[in-house]
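Okay, structure first, notes after.
Order of listing sets the numbers, starting from 1, for every ligand and every atom in it. Remember, predicted model here, so these are calculated numbers, not experimental data.
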Amino acid sequence: MGSIIDGKAFADRLSESLKLEVASLIANHNLQPSIAVVLVGDDPASHVYVRNKVRRCEQLGIESIEHRLPSSTSQEELLTLIEQMNQDSNINGILVQLPVPDQIDDKAVIDAIAPEKDVDGFHILNAGALAVGQNQMIPCTPLGSLMLLKDQLGNLSGMHAVVIGRSNIVGKPMASLLLQENCTVTTVHSRTRNIEEICRTADILVAAVGIPRMVKADWVKEGATIIDVGINRIEEDGKSRLVGDVDFADVIDKVNAATPVPGGVGPMTIACLMYNTVAAAKKQAGIS
Ligand code: NDP
């Protein structure tokens, strides 16, 4: 049986070291890292995500400022708030929880955030920097996934990594990071032919699709390492549960290691948001 990659335990260790770092920044530099979190509208899942992020900030000593705006908020109002926060030197990181209501263009919002405060790493300049290997702010989910892979496998050089999904927030940055680790990278997506065949050649398989339990045992190579980014809520046996894009129970006997859902990539995403916030605060204060 393959090993279960414990993302929660890794995220707890990372958070513990960040907590010490925050305490040292406060004591030695009078610098308390801070993040502003903006939530527009009533999406229940977004409320849960924001609550978890704010709670994690408190645990680490990072200051969090919440802006909860009504779903009627106009794009102009949101952009004005972002500009105020860009100018506020007491705010190190800005996160606008996606999705935003239809009347707001999410690209315009993301690109209005000062790149050095873009702790989600979605700004076009941060995306471009990653694509050319001059990493600035790296998106949290791919960053956390890479940390888990390196912890599990050490040197990734020469391995064939297949990434299922090509979104700007997960698939594409994940592929760039794996390329930087000298993997041979294949990205597959909804138009790919022979997707199962390609996945079966992967030493590392990252699934970021949004289809519950899509990846079955016959999609994976024996001994592969699997990172399951997917978070899908399904009704099963009369219960609501979270499952990944990988059929964990089906693949685990065949693979070297795999992340579970929940408890795999999810906790790493929040921990890496804290990591990016601390890094942003240090950079803005000129602390190496
Ligand atoms: P998107 O919907 O933006 O992208 C999904 C990708 O999957 C697209 O590139 C799409 O291809 C591809 N795809 C869709 N159907 C298929 C198919 N049948 N075969 C192969 N590829 C397919 O999703 P995200 O990247 O934002 O998120 C992916 C998953 O990860 C979701 O479940 C999301 O909830 C989860 N997630 C988890 C996070 C965490 O913290 N663990 C953070 C962020 C996301 P195409 O481009 O051709 O349409």
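- Annotation: R191 places no N or O atom under 3.5 Å from an N or O atom of ligand 1; distance criterion only.
- When the heavy atoms of L242, I211, V188 are ranked by distance to atom 17 (C) of ligand 1, first place goes to I211.
- Under the 3.5 Å distance criterion, the side-chain polar atoms of T192 are left unmatched by any main-chain donor or acceptor of I195.
- Applying side chain to side chain contact (heavy atoms under 4.5 Å, CB included) to V185 and the options L178, V206, I204 leaves one that passes, L178.
- Using a 4.5 Å heavy-atom threshold, the side chains of D120 and V96 count as separate.
- The I195 neighbourhood of ligand 1 comprises atoms 19 (N), 20 (C), with distances under 4.0 Å to a heavy atom of that residue.
- Only the side chain of T269 comes within 4.0 Å of ligand 1, judged by heavy-atom distances.
- A donor-acceptor pair shorter than 3.5 Å cannot be found between the side chains of D228 and T259.
- Under the 3.5 Å distance criterion, the side-chain polar atoms of H123 are matched with a main-chain donor or acceptor of D111.
- Remark: the Q136 side chain and the N126 side chain contain no N/O donor-acceptor pair separated by less than 3.5 Å.
- Open room surrounds CG on D102; 12 or fewer heavy atoms of other groups in view lie less than 6.0 Å from it.
- The closest side-chain donor-acceptor pair between T184 and H160, if any, does not fall under 3.5 angstrom.
- The contact set between ligand 1 and N232, taken as ligand atoms under 4.0 Å from a residue heavy atom, comprises 32 (O).
- For the residue pair Q180 and N135, a side-chain donor N or O sits within less than 3.5 Å of a side-chain acceptor on the partner.
- Scanning I169, N168, I164 for the heavy atom closest to atom 26 (O) of ligand 1 points to I169.
- For atom 24 (P) of ligand 1, the nearest protein heavy atom (residue, atom name, distance) is S167 OG, 3.7 Å.
- Looking at atom 13 (N) of ligand 1, its nearest protein heavy atom turns out to be V209 CG1, 3.5 Å.
- With C140, G210, P262 as candidates, the residue nearest to atom 31 (C) of ligand 1 on a non-hydrogen basis is G210.
- Taking atom 43 (C) of ligand 1 as the reference point, the nearest protein heavy-atom neighbour is V170 CG2, 3.9 Å.
- With a heavy-atom cut-off of 4.0 Å, T192 does not touch ligand 1 at all.
- Of the protein's heavy atoms, R166 N, 2.8 Å lies nearest to atom 9 (O) of ligand 1.
- For a threshold of 3.5 Å applied to N or O pairs, the pair formed by V229 and ligand 1 contains at least one separation below that value.
- Taking atom 47 (O) of ligand 1 as the reference point, the nearest protein heavy-atom neighbour is S190 OG, 2.5 Å.
- Among protein heavy atoms, atom 33 (C) of ligand 1 sits closest to I231 N, 4.2 Å.
- Here T141 has side-chain heavy atoms under 4.0 Å from ligand 1, and that is the only part of it that gets that close.
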